[in-house]
Amino acid sequence: MALKLYNTLTRKKEEFEPLEEGKVNIYSCGQTIYLDMHIGNAKTYAAWDILNRYLTWKGYDVFHVMNITDVGHLTDDSDQGEDKVEKEARERGIEPRELVTEQVQRWYEEMDRLNMKTHNVNPRATGHMVEMIEAVKDIKENGYAYEENGTVYFDVMKFHEDHGYPGVGSMNIQELQAGAGGRVKEEEQEEKKSPLDFALWINADPEHIMKWPSPWSEGYPGWHLECSVMSSKYLGKRFDIHTGGVDHIFPHHPNERAQCMAMNNLVEEPVNYWLHSEHMTVEGEKMSKSKGNFYTVREILEKYDAEVVRMFFASSHYRKQVDFNEEALESAESNLEKLYNTLWNVENSEGGEREKLKGEVEKFEKRFEEAMDDDLDTPKAVNELVKFSKKVNKNLDNRKEVLEEAAEKIQELGRVLGLKLNLEEEGGKIPEKAVELLIEIREEFREEGDYERADEVRDVLKEGGIVLEDEGGQTVWKRK
Ligand SMILES: [Zn+2]
């Protein structure tokens with residue numbers, strides 16, 4: 001079956017064909033590492049984690065690069081304002097490098113807790129200063145950049161005449177010019193040939209901390225430059241998939257594309273598929289610090305299990321705006337519990353003689369693949385998982401091997417969506433969710449007066465190292 005992806009460049013779903021058979025190169029715009037990752041960032045990274053996992057599952061050899069921005073991302077898109085890293089470091093009273101070291105470590109911890117697959121490379125901008133300066137030289141030599149007072153600008157109109165710009169996103173050049181013109185300050189207007197021009201290299205103010213010598217000035221690179229330079233370095237001049245958030249559709253990605261073509265003298269498209277993930281709202285509103293609905297991953301993981309959060313991410317389509325709210329999280333939790341419940345039941349069932357599920361496993365896999373092939377329709381894929389797990393649950397009298405095959409398929413496909421589905425997380429431990437479910441089941445038996453079966457549940461838990469204690473009408477449990 002063929003995977004189709006929605007390509008922002010052409011604004012349609014296209015059949016995915018890699019540049020090199022069997023191999024997929026992906027570049028994802030990553031974190032500007034000055035604050036903790038927020039839940040919206042995590043939603044986007046989870047989408048690309050699923051993309052990576054799904055392509056790998058389909059048999060491709062995936063090479064995935066996600067950058068870490070540690071310099072040059074200004075507080076304003078039009079080359080104005082402070083460097084975000086420097087600003088935050090100054091506010092905390094620490095060195096910018098100290099801030100980056102701390103934040104990178106936190107980022108890795110959070111990505112790990114969310115079960116995001118390790119990328120092949122997480123290049124950092126400051127580690128590629130030589131390459132970035134070389135790229136600016138190349139772009140200038142190829143006629144697409146000019147220098148004003150130690151700052152080097154990309155000549156957008158010149159590039160547009162030769163190659164077309166932006167090419168990514170739905171806006172046309174006139175709208176862009178009008179829009180950009182309204183934002184740009186007067187002194188900058190004078191320096192730039194066109195308000196659309198953006199800085200490749202910025203002449204640093206004397207008080208600026210992070211700066212490097214260059215042929216033009218002691219300065220620092222523009223934010224857009226790093227992605228072009230690092231993607232070319234690790235994935236080649238042309239590669240398969242470039243991902244980001246919808247906020248990258250303009251200006252970051254058209255700028256990246258233009259730089260790539262200008263520095264590498266390309267006439268072909270540098271990237272074949274541009275994928276963009278939609279924003280997340282929180283309780284119906286746009287996330288913002290001032291509204292107090294801005295949540296970091298750390299804050300969310302204090303309240304919710306990481307796997308529930310991953311189930312929540314998988315339950316919406318990456319190109320749809322999704323709302324983060326209590327109900328949605330509860331629904332994700334309930335779906336996840338259903339999967340665990342089935343896995344638990346299969347493991348603890350002796351099975352029977354029937355074989356009804358035998359042909360169903362293959363059909364389930366096919367439906368899952370069909371959903372994912374349709375531009376990664378993860379909500380549909382989740383639905384297939386839940387439906388199939390219900391079916392397995394109703395057929396626990398099938399032969400044990402058949403049941404096990406079904407359970408393994410649930411695990412295999414669930415993991416494509418970034419779930420863990422490990423019944424025994426470590427050393428034979430019954431997961432908390434399963435313990436709580438069993439306690440509920442035991443409670444139901446007791447309410448029905450079926451004490452024999454209630455005791456059976458208690459014994460099963462005991463075998464798994466869980467001791468129950470009934471205290472004042474409530475059951476508490478602990479691990480032996
Ligand atoms: Zn980027």
Side-chain angles (χ1 to χ4, degrees), residues 7-9 25-35 37-38 40-49 51-52 63-79 83-85 100 103-104 107 111 116 119-129 131-132 135-136 139 154 156 165-169 198-202 220-264 266 269-279 318:
N7 188 355
T8 316
L9 184 68
N25 284 332
I26 308 173
Y27 186 91
S28 298
C29 289
Q31 192 84 10
T32 297
I33 210 88
Y34 68 114
L35 295 173
M37 174 177 15
H38 63 66
N41 298 139
K43 178 226 178 222
T44 296
Y45 303 151
W48 315 139
D49 182 59
L51 172 70
N52 178 338
F63 197 87
H64 194 175
V65 177
M66 186 183 278
N67 69 309
I68 290 176
T69 298
D70 57 357
V71 72
H73 195 177
L74 303 183
T75 51
D76 187 311
D77 256 349
S78 56
D79 303 326
D83 183 297
K84 288 180 176 177
V85 172
V100 167
Q103 287 305 128
V104 167
W107 187 76
M111 291 291 276
M116 306 269 194
H119 307 111
N120 297 82
V121 193
N122 291 129
R124 295 195 212 170
T126 51
H128 297 77
M129 212 45 73
E131 290 93 330
M132 285 199 268
V136 178
I139 295 172
F154 191 90
V156 172
Y165 175 104
V168 177
F198 57 92
L200 298 167
W201 185 264
I202 300 160
Y220 56 98
W223 168 50
H224 312 296
L225 189 63
E226 64 179 270
C227 289
S228 301
V229 167
M230 298 191 297
S231 62
S232 294
K233 174 166 176 170
Y234 295 104
L235 303 172
K237 292 177 183 175
R238 299 185 64 214
F239 58 96
D240 301 296
I241 303 175
H242 194 310
T243 76
V246 281
D247 50 327
H248 292 148
I249 292 178
F250 180 81
H252 186 50
H253 284 169
N255 290 353
E256 253 191 61
R257 171 183 171 270
Q259 288 169 153
C260 280
M261 292 173 81
M263 69 190 231
N264 293 325
L266 272 183
E269 286 297 332
V271 177
N272 279 349
Y273 306 88
W274 292 86
L275 271 55
H276 293 98
S277 151
E278 251 299 345
H279 281 305
Y318 76 94

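First listed ligand is number 1; within each ligand, the first listed atom is number 1. Predicted model only: the values in this text are computed from it and were never measured.
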**Request:** Indicate, with yes or no, if the rings of Y234 and H128 have centres closer together than 6.0 Å.
**Result:** yes
**Item:** W223-H252 aromatic ring centre distance below 6.0 Å
**Value:** yes
**Request:** For the Zn ion (ligand 1), state how many protein N, O or S atoms fall inside a distance shorter than 2.8 Å.
**Result:**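 Counting protein N, O and S atoms closer than 2.8 Å to the Zn ion (ligand 1) gives 4.
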**Request:** Report yes or no: do H248 and E256 form a side-chain donor-acceptor pair below 3.5 Å?
**Result:** no
**Prompt:** Between the side chains of W48 and T243, does any donor sit under 3.5 Å from an acceptor?
**Reply:**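 Side chains of W48 and T243: pair found under 3.5 Å.
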**Asked** Is the CZ atom of R124 crowded by more than 12 outside heavy atoms at less than 6.0 Å?
**Response**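 No, CZ of R124 has 12 or fewer neighbouring heavy atoms, counting only those of other groups under 6.0 Å.
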**Item:** N-O pairing of E278 and K43 below 4.0 Å
**Value:**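 Not counted as a salt bridge, because no side-chain N and carboxylate O are separated by less than 4.0 Å.
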